[in-house]
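Beneath this line is the structure, given in structure tokens, with notes to follow.
On a predicted model such as this, the values are computed, not experimentally measured, just so you know.
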Amino acid sequence: MGLIHIYCGDGKGKTTASIGLAVRAAGAGMRVHIVQLLKGSKTAELESLALIPNIRVTRPDRNYGFTFSMTDEDKAAITKCHNALLEEALREMKNDEIDMLVIDEFCAGYNCGLVDKALADEIILHKPEKCELVLTGRDPEQKYVDAADYVSEIRAVKHPYEKGIDARRGIEF
């Protein structure tokens, strides 16, 4: 039986926690598909995940930047891209081709209107019983929190950004 996990909150580590779970699942022989929303630039975890046979990562076709700097055309393009990635993942879930689906930055994509909300509901609220589902991001929709079996809130207590230290390769990206 597959359950639903949500890693949320304003702290660092939501993606890291979901990737750790994906690595554990792959080590147990599970077939894992990680869909990264809003992430089109090269991040260090891609190098490691590419070495693990049971993990596949899909993400936007390019870096669209932060949502606040996207043009209307960028928002339309990334929404189309996100929906295609999620439709593929839904098909894999329904066809029993994957054992775990991780949707990284799901909450941001959903809350910014960059995914089809009916498609999101289909994936989360009507997921196949056997598939484990993992969502990350800030401020998850209450209906998804209610549907989840695990909800872990990662709270920022202190962060180097507050001291002017920029994101570092291998740590934040």
Side-chain angles (χ1 to χ4, degrees), residues 4-19 21-22 31-52 54-95 97-98 100-128 131-145 147-148 154 161 166-173:
I4 299 174
H5 309 243
I6 298 176
Y7 294 106
C8 59
D10 64 357
K12 176 194 175 323
K14 298 175 288 292
T15 296
T16 304
S18 69
I19 289 173
L21 185 60
R31 301 161 298 168
V32 179
H33 182 174
I34 300 172
V35 175
Q36 290 190 314
L37 303 183
L38 294 165
K39 294 182 178 178
S41 61
K42 192 165 173 75
T43 56
E45 69 265 17
L46 297 174
E47 302 298 322
S48 298
L49 293 172
L51 300 173
I52 303 172
N54 290 358
I55 296 180
R56 185 167 71 94
V57 180
T58 57
R59 55 207 325 257
D61 53 347
R62 66 177 177 87
N63 182 14
Y64 290 86
F66 291 105
T67 55
F68 59 82
S69 63
M70 287 182 194
T71 64
D72 289 342
E73 292 79 19
D74 287 338
K75 288 179 182 177
I78 199 169
T79 300
K80 182 178 179 183
C81 182
H82 285 166
N83 289 336
L85 295 171
L86 293 175
E87 286 167 1
E88 176 186 19
L90 177 60
R91 181 192 53 75
E92 291 174 334
M93 288 172 70
K94 286 183 172 182
N95 291 336
E97 296 172 18
I98 57 174
M100 175 182 282
L101 173 62
V102 176
I103 309 176
D104 186 31
E105 293 298 347
F106 169 79
C107 298
Y110 185 90
N111 292 337
C112 291
L114 302 175
V115 298
D116 179 287
K117 293 191 176 190
L119 175 59
D121 282 352
E122 177 70 18
I123 291 169
I124 298 159
L125 302 177
H126 306 288
K127 75 165 195 65
C131 192
E132 203 79 12
L133 177 62
V134 183
L135 309 172
T136 74
R138 296 175 182 223
D139 304 317
E141 185 78 18
Q142 188 61 47
K143 64 184 171 182
Y144 300 141
V145 171
I154 300 173
Y161 185 76
D166 288 334
R168 298 167 298 142
R169 179 168 166 73
I171 304 301
E172 281 85 23
F173 68 94

Counting N and O atoms only, with roles assigned by atom type, does the side chain of [X] sit under 3.5 Å from a partner on the main chain of [Y], one being a donor and the other an acceptor?
X      : Y      : value
Asn83  : Asp116 : yes
His82  : Leu114 : yes
Arg31  : Glu97  : yes
Arg59  : Leu85  : no
Asn111 : Asp139 : yes
Thr79  : Val115 : no
Lys12  : Ile171 : yes

Note to self: Does atom NZ (Lys143) have a neighbourhood of more than 12 heavy atoms from anything else shown, all under 6.0 Å?
What the structure shows: yes
Item checked: Phe173 atom CZ, over 12 foreign heavy atoms within 6.0 Å ->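 Yes.
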Would you call [X] and [Y] a side-chain contact if the rule is heavy atoms closer than 4.5 Å?
X      : Y      : value
Asn54  : Val32  : no
Lys127 : Leu101 : no
Tyr144 : Leu125 : yes
Leu135 : Tyr110 : no
Gln36  : Leu46  : yes
Ile103 : Leu133 : yes

Checklist line | Ion pair check, Lys42 and Glu47, cut-off under 4.0 Å | finding: yes
Notebook entry, point to check: Are any of the side-chain nitrogens in Arg56 or Glu88 under 4.0 Å away from the carboxylate oxygens of its partner?
Noted result: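 Yes, this pair counts.
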Restricting to non-hydrogen atoms, name the atom on [X] and the atom on [Y] that form the minimum distance, rounded to 0.1 Å.
X      : Y      : value
Pro60  : Cys81  : CA-SG, 3.4 Å
Ser69  : Gly65  : OG-C, 4.4 Å
Arg138 : Cys107 : O-CB, 3.0 Å
Ile78  : Tyr64  : CD1-CD1, 3.5 Å
Glu105 : Leu38  : O-CD1, 4.4 Å

Note to self: Lys94 vs Glu122, test: side-chain contact (heavy atoms from CB on, under 4.5 Å). Steps then yes/no.
What the structure shows: CA-CA 11 Å; Lys94 286 183 172 182; Glu122 177 70 18; 3.3 Å; yes
Quick check for you: to the nearest 0.5 Å, what is the distance between [X] atom [atom1] and [Y] atom [atom2]?
X     : Y      : atom1 : atom2 : result
Ile52 : Ile34  : CD1   : CD1   : 8.0 Å
Leu37 : Asp104 : CG    : CG    : 7.5 Å
Met93 : Glu132 : CE    : CD    : 10.5 Å
Leu90 : Ile124 : CG    : CD1   : 10.5 Å
Thr43 : Leu49  : OG1   : CG    : 8.0 Å

Next item on the list: Give the C-alpha distance, both sets of side-chain angles, the deciding distance and a yes or no for side-chain contact (heavy atoms from CB on, under 4.5 Å) between Val134 and Lys14.
Entry: CA-CA 10 Å; Val134 183; Lys14 298 175 288 292; over 6 Å; no
Next item on the list: Test Thr15 against every option in Lys39, Glu45, Glu172 by the side-chain hydrogen bond (donor to acceptor under 3.5 Å, both in side chains) rule and name the one that passes.
Entry: Lys39
